[in-house]
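Step one of this worksheet: look at the structure below.
Heads up: numbering here begins at 1 and tracks the sequence.
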Amino acid sequence: MRLLDKSASEFLYQQVIEFVEKQEESGAIKAGDKLPSLRKLSSQFGISVPTVKQAYIELERQGTISARPQSGYYLKAKQARTLLPMRAKWASCKPVEVSCRSLIEQVYDAVHLPDTVALGISNPVNAHPPDKALARLMRSILTRVSEKAVSYGPVNGDAKLRLTLALRYQEQGVDVNHQDMVITNGAQEAISIALQCVAKRGDIVAVESPCYFGLIELIESLGMKAVEVYTCTEDGVCINELEKVLNQHPVKVCLFSTAINNPLGSMMTNEQRHALVKLLESRDIPLIEDEVYSDIYYTEQRPIPAQLYSEKGLVMTCSSFSKTAAPGYRVGWLIPGKFEEAAKRIKRAQSCSSPMLQQWTLTDYLLSGEYDRHLQVLRKTLRYNCERMRALIAEHFPKEVCISKPQGGSVLWIRCRSHVDTSQFFSQAIEQGVSFAPGQIFSPSGKYKNFMRISYGVKWCDTIEHSVMTLGKLVHEFSDK
Ligand SMILES: Cc1ncc(COP(=O)(O)O)c(C=O)c1O
């Protein structure tokens, strides 16, 4: 029997899990078989009974084995495994300067490669694009405004759009004044402005771990440092862990998806959001909330913005139409809290204003009621795609991979075996006509090498199934190495 490597960075209990998985793979144990007792395995490996128990509990939570009272643990029949919150101790991170640019560049480039199925980029709108409705509205606007369409717009954007958006927040109980809002070039510019309102070069920004790579790159380009905060696969940023990070490092600002995390698809509860704002405002630390996925929820109700709980004006809300209607229009917004003046100044200095034609089109889309009807279909389509994609991955990937169960958004986060580095087969996947996002670009400190993100924001067709099979073959190949 292979002995455990006590000097490895991998936890001992994870090595026990891998041992059980290998036994299953080699056929040494089969569905229905009883596993060695805790005592037997602990003495065979020379490790403690609680360590073996931790492994068995984890395998039970993953659905691989089941416990029978008074009898022991048994191997269950094969099924898709859900990625569960990590119970092992989270290794806390130091603030780091970020650098995984070349891989990020390749992921972006792959979106525009001909004959490549882009599963590496999160574009939910692909699943149900509203292009025809938007084109119709834009044509109608162009007949009304000719000269104005090519002029500069106001720095903070179209007043009617701001008013319409503010009303939507007010319906959720959030007191937003449209005069304070700034229309931006996508959520990315909103976040960039928000960061510059409260932090400068060298300052530390707390981010989720894992975190959307575009934000990591943004922090890098502003010369700031990132520190990662443990983020749960089910309910987002862990407040206790955040508190520890704040006690250890002079964090200047937190940048979190308070609704749906990309890539986890996890969602904070209202209580957590409230606790988060309370904690940060008690320490006078601003919160930048990234709300781009808030309208793509699979729960009963839209997640409430953290802005609702702000008493000191330290919460800045950033969002856009990129994930719901038209990423190419580049229309986003910022609710800047008490940083209104700075936000407008930075917007003016950075990009002067945002294109008006797209803003008018989206305003008409909202006011006509078509946007909300579109959202309903989009959410339904994505939810359906999500289940189909999970089933396909369970069928074609090695059985030990664990897959997230998102509560919204358009991506799956997949954990492969610990020795698999998904960036190593990225180029091969592209050569075979499919892209994905390797896990390591979702962490400033390069964690998640054995993870990958796959998008189900796609128009479903046979090619998608074929692409998942292609990726499955590569993961099999690299798992067996
Ligand atoms: C979590 C998250 N935040 C922000 C953005 C940027 O959004 P936008 O395209 O509106 O700039 C993205 C885009 O992928 C995202 O996934």
Side-chain angles (χ1 to χ4, degrees), residues 1-89 233 390-405 412-422 424-425 428 439 448-452 468-481:
M1 182 185 294
R2 183 181 74 110
L3 283 178
L4 304 192
D5 179 359
K6 292 188 179 168
S7 63
S9 60
E10 201 184 355
F11 290 105
L12 285 172
Y13 87 97
Q14 281 172 330
Q15 296 187 47
V16 176
I17 291 175
E18 287 203 0
F19 164 76
V20 174
E21 286 170 349
K22 282 208 176 114
Q23 291 283 98
E24 185 188 2
E25 211 176 84
S26 67
I29 46 169
K30 297 193 175 61
D33 283 354
K34 187 175 176 186
L35 266 69
S37 70
L38 300 178
R39 205 165 290 284
K40 187 170 172 205
L41 216 54
S42 87
S43 77
Q44 271 175 356
F45 284 140
I47 55 175
S48 69
V49 170
T51 303
V52 182
K53 181 139 193 197
Q54 191 182 0
Y56 279 13
I57 289 172
E58 182 66 29
L59 283 164
E60 198 184 0
R61 288 168 61 234
Q62 287 177 2
T64 310
I65 66 173
S66 60
R68 291 188 200 159
Q70 318 290 322
S71 176
Y73 288 89
Y74 288 79
L75 193 67
K76 282 172 57 173
K78 186 185 159 194
Q79 54 184 290
R81 288 190 199 165
T82 297
L83 186 63
L84 294 163
M86 206 170 55
R87 297 281 171 194
K89 213 169 132 242
T233 47
R390 286 187 97 240
L392 268 185
I393 293 168
E395 189 181 345
H396 297 292
F397 280 45
K399 64 184 174 320
E400 63 280 356
V401 302
C402 294
I403 315 164
S404 61
K405 208 164 187 344
L412 291 174
W413 184 235
I414 299 156
R415 186 178 72 202
C416 305
R417 272 204 165 146
S418 56
H419 68 276
V420 177
D421 179 348
T422 57
Q424 284 182 353
F425 55 85
Q428 260 168 282
Y448 311 115
K449 284 198 164 61
N450 59 322
F451 284 74
M452 60 202 290
V468 175
M469 279 167 69
T470 304
L471 289 178
K473 274 189 200 142
L474 286 166
V475 178
H476 266 291
E477 198 183 305
F478 278 74
S479 300
D480 294 342
K481 277 191 178 171

Min side-chain heavy-atom separation [X]-[Y] under 4.5 Å:
X    : Y    : answer
T82  : I403 : no
E58  : Y13  : yes
T51  : F11  : no
H419 : N450 : no
K22  : E400 : no
L412 : L83  : no
F425 : V420 : yes

Under the rule for side chain to side chain donor-acceptor pair (under 3.5 Å), what residues qualify as partners of S43, not counting sequence neighbours?
none

With D33, which residues qualify under side chain to side chain donor-acceptor pair (under 3.5 Å), at least two apart?
none

Any chance you could measure [X], atom [atom1], to [Y], atom [atom2], to the nearest 0.5 Å?
X    : Y    : atom1 : atom2 : value
Q54  : L12  : CD    : CG    : 9.5 Å
K30  : Q23  : NZ    : CD    : 11.0 Å
M469 : F397 : CE    : CZ    : 11.5 Å
S418 : Q14  : OG    : CD    : 6.5 Å

Looking at every non-hydrogen atom in both residues, tell me the closest pair between [X] and [Y] and how far apart they are.
X    : Y    : answer
K399 : E21  : NZ-O, 4.4 Å
L75  : L35  : N-CD1, 3.7 Å
C416 : T422 : SG-CG2, 4.2 Å

Report the C-alpha separation of F19 and F45 in whole Å, then their side-chain angles, then the decisive distance to 0.1 Å, and conclude whether the ring-ring contact (aromatic ring centres under 6.0 Å, His included) test is met.
CA-CA 11 Å; F19 164 76; F45 284 140; 5.0 Å; yes

Determine whether the side chains of R390 and S404 contain a donor N or O and an acceptor N or O closer than 3.5 Å.
no

For F451, the ring-ring contact (aromatic ring centres under 6.0 Å, His included) test, sequence neighbours excluded, returns W413, Y448

Report all side-chain donor-acceptor pairs from residues 65-72 shorter than 3.5 Å, counting only partners two or more places apart or in another chain.
residue : atom : partner : partner atom : Å
S71     : OG   : Y74     : OH           : 2.7

Would you mind writing out the side-chain donor-acceptor pairs for residues 470-481 within the sub-3.5 Å range, not counting sequence neighbours?
residue : atom : partner : partner atom : Å
T470    : OG1  : H466    : O            : 2.9
S479    : OG   : V475    : O            : 2.6

Just to verify, what does S42 make a side chain to side chain contact (heavy atoms under 4.5 Å, CB included) with, not counting sequence neighbours?
V49, V52

